[in-house]
Amino acid sequence: MVDRRPERAPRGIDTSRPNVSRVYDFMLGGKDNYEADREMALRALEIVPDAPEAARANREFLGRVVRFLAARAGLRQFLDLGSGLPTRDNVHQIAQSAAPGSRVVYVDHDPIVLVHARALLAVNENTTVVEADVRDPDAVLDDPETRRLIDFGEPVGLLMFGILHHLADHEDPAGIAARLMARLPAGSHLAVSHFYDPGTEHPEASAQAYAAEKLFNETLGTGRWRTREEILACFDGLELLEPGLVPLPEWRPVSADLARPGLSRHTLAGAVARKPR
């Protein structure tokens, strides 16, 4: 049952329509969501009953990737695009734990994300939040706050978790990723998690992806479950790291992973790639 108690939101936040970041927050068990978000989430759960497990798998994938990039690949600066609402184990916390002094720029254009992110980051001098739209790569990279923390002469971890699938085909998500990576130096890495349509390999999961995409576009106006080839296009010209593009729990799992997605395991995929020298 949806909680219908009166709710207060920061000034300028429209709570009458569901919001991608707040629906995701609900799936993760967060509190920064409203009635419209919960109604949308409950409709999604009718199609994807294990959606909260998929959301947790995405967060665990983020954690493993950032730890790898900071501890193993030697990266010390990160751009997190479409960062979403702060939760536990955010990128700066993971990166700075693995490599003290790591610098993180969060980028989003959702007003409620900006409010919460700025409050969280007020005391962290190596982390900032930038208001920009991923569809304008130059605005992201040329923002004064980005340039204050990111040294474009050194490798960057470009993180695009759960963002490219909210871009329509005509917005050219693969082209946007390419434009961003073109301005980053060799040794930079691109990490992506993306809604995935497995097609005939997993027909039941593919049918679920189709139904979920229909719901997302009817209620949120966004959401594309893409094929393997469409997602891999985002990594053109880059060196995919092992194990390649795989369901999120299969990317270098660790014993601490807790997410146990069912059918949705086959409808969310991720990969990491390196820009060659």
Side-chain angles (χ1 to χ4, degrees), residues 57-83 89-107 126-127 130 134 137-138 140-142 146-147 149-165 167 172-196 226-254 257 268-277:
N58 189 56
R59 291 302 299 182
E60 291 179 347
F61 173 65
L62 176 152
R64 296 195 304 275
V65 168
V66 174
R67 288 186 192 95
F68 166 80
L69 294 178
R72 301 280 300 279
L75 271 61
R76 296 295 180 266
Q77 46 187 5
F78 299 85
L79 268 172
D80 185 6
L81 304 189
S83 52
D89 296 328
N90 298 290
V91 170
H92 71 285
Q93 294 162 327
I94 299 167
Q96 291 167 4
S97 174
S102 292
R103 304 181 302 281
V104 178
V105 175
Y106 292 103
V107 180
N126 285 327
T127 307
V130 166
V134 67
D138 291 335
V140 171
L141 299 178
D142 293 334
T146 301
R147 302 192 72 84
L149 285 186
I150 299 297
D151 176 359
F152 288 98
E154 298 293 331
V156 177
L158 180 63
L159 312 178
M160 305 187 82
F161 298 108
I163 180 64
L164 291 176
H165 54 227
L167 301 180
D172 190 16
I176 288 171
R179 286 172 61 192
L180 287 160
M181 289 300 295
R183 290 191 54 185
L184 302 182
S188 294
H189 288 64
L190 171 64
V192 171
S193 64
H194 200 296
F195 290 155
Y196 173 52
R226 292 190 166 94
T227 65
R228 181 176 186 83
E229 291 71 24
E230 289 173 320
I231 300 172
L232 285 174
C234 299
F235 298 96
D236 281 353
L238 306 178
E239 300 172 344
L240 272 180
L241 304 187
E242 292 293 336
L245 180 67
V246 293
L248 301 186
E250 296 177 20
W251 197 91
R252 306 190 182 196
V254 296
D257 293 338
L268 196 58
V272 180
R274 183 180 181 275
K275 184 173 181 176
R277 298 190 182 279

Using 30° and 60° as the class boundaries, would you call the ring planes of Phe68 and Trp251 parallel, tilted or perpendicular?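 Plane angle over 60°, so perpendicular.
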From [atom1] ([X]) to [atom2] ([Y]), nearest 0.5 Å:
X: Leu75; Y: Arg103; atom1: CG; atom2: CZ; value: 10.5 Å
X: Leu79; Y: Met160; atom1: CG; atom2: CE; value: 10.0 Å
X: Arg226; Y: Tyr196; atom1: CZ; atom2: OH; value: 14.0 Å
X: Ile163; Y: His165; atom1: CD1; atom2: NE2; value: 7.5 Å

Nearest atoms (heavy-atom pairs only) where [X] meets [Y]:
X: Val66; Y: Val91; answer: CG1-O, 4.0 Å
X: Ala95; Y: Val104; answer: CB-CG2, 4.5 Å
X: Ser193; Y: Gly162; answer: OG-N, 2.9 Å
X: Pro137; Y: Leu180; answer: CB-CD2, 3.7 Å
X: Ala186; Y: Pro276; answer: CB-O, 3.5 Å
X: Ala271; Y: Gly244; answer: CB-O, 3.6 Å

Any side-chain heavy-atom pair of [X] and [Y] under 4.5 Å:
X: Ile150; Y: Leu141; value: no
X: Val134; Y: Ile176; value: yes
X: Leu158; Y: Leu81; value: yes
X: Phe161; Y: Val192; value: no

What pairs of residues pass the side-chain hydrogen bond (donor to acceptor under 3.5 Å, both in side chains) test when at least one of them lies in residues 61-76, not counting sequence neighbours? Arg64-Asp257
Give me each pair satisfying side-chain hydrogen bond (donor to acceptor under 3.5 Å, both in side chains) with a member in residues 174-192, each pair once, sequence neighbours excluded.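 Sorted pair list: Asp138-Arg183, Asp142-Arg183.
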Is the side chain of [X] donor-acceptor paired with the backbone N or O of [Y] at a distance under 3.5 Å, no angle test?
X: Thr146; Y: Val140; result: yes
X: Arg252; Y: Val65; result: no
X: Gln96; Y: Ser102; result: yes
X: His92; Y: Thr127; result: no
X: Gln93; Y: Asn90; result: yes

Pair Phe78-Val156, side-chain contact (heavy atoms from CB on, under 4.5 Å): steps then yes or no: CA-CA 6 Å; Phe78 299 85; Val156 177; 5.9 Å; no
Determine all donor-acceptor pairs shorter than 3.5 Å in which one atom belongs to a side chain in residues 228-241; sequence neighbours excluded.
unit_1	atom_1	unit_2	atom_2	d
Arg228	NH1	Leu245	O	3.0
Arg228	NH2	Leu245	O	3.4
Glu230	OE1	Thr227	N	2.8
Glu230	OE1	Thr227	OG1	3.3
Glu230	OE2	Arg224	NH2	3.4

Applying side-chain contact (heavy atoms from CB on, under 4.5 Å) to Val130 and Tyr106, what does each step give before you reach the verdict? CA-CA 6 Å; Val130 166; Tyr106 292 103; over 6 Å; no
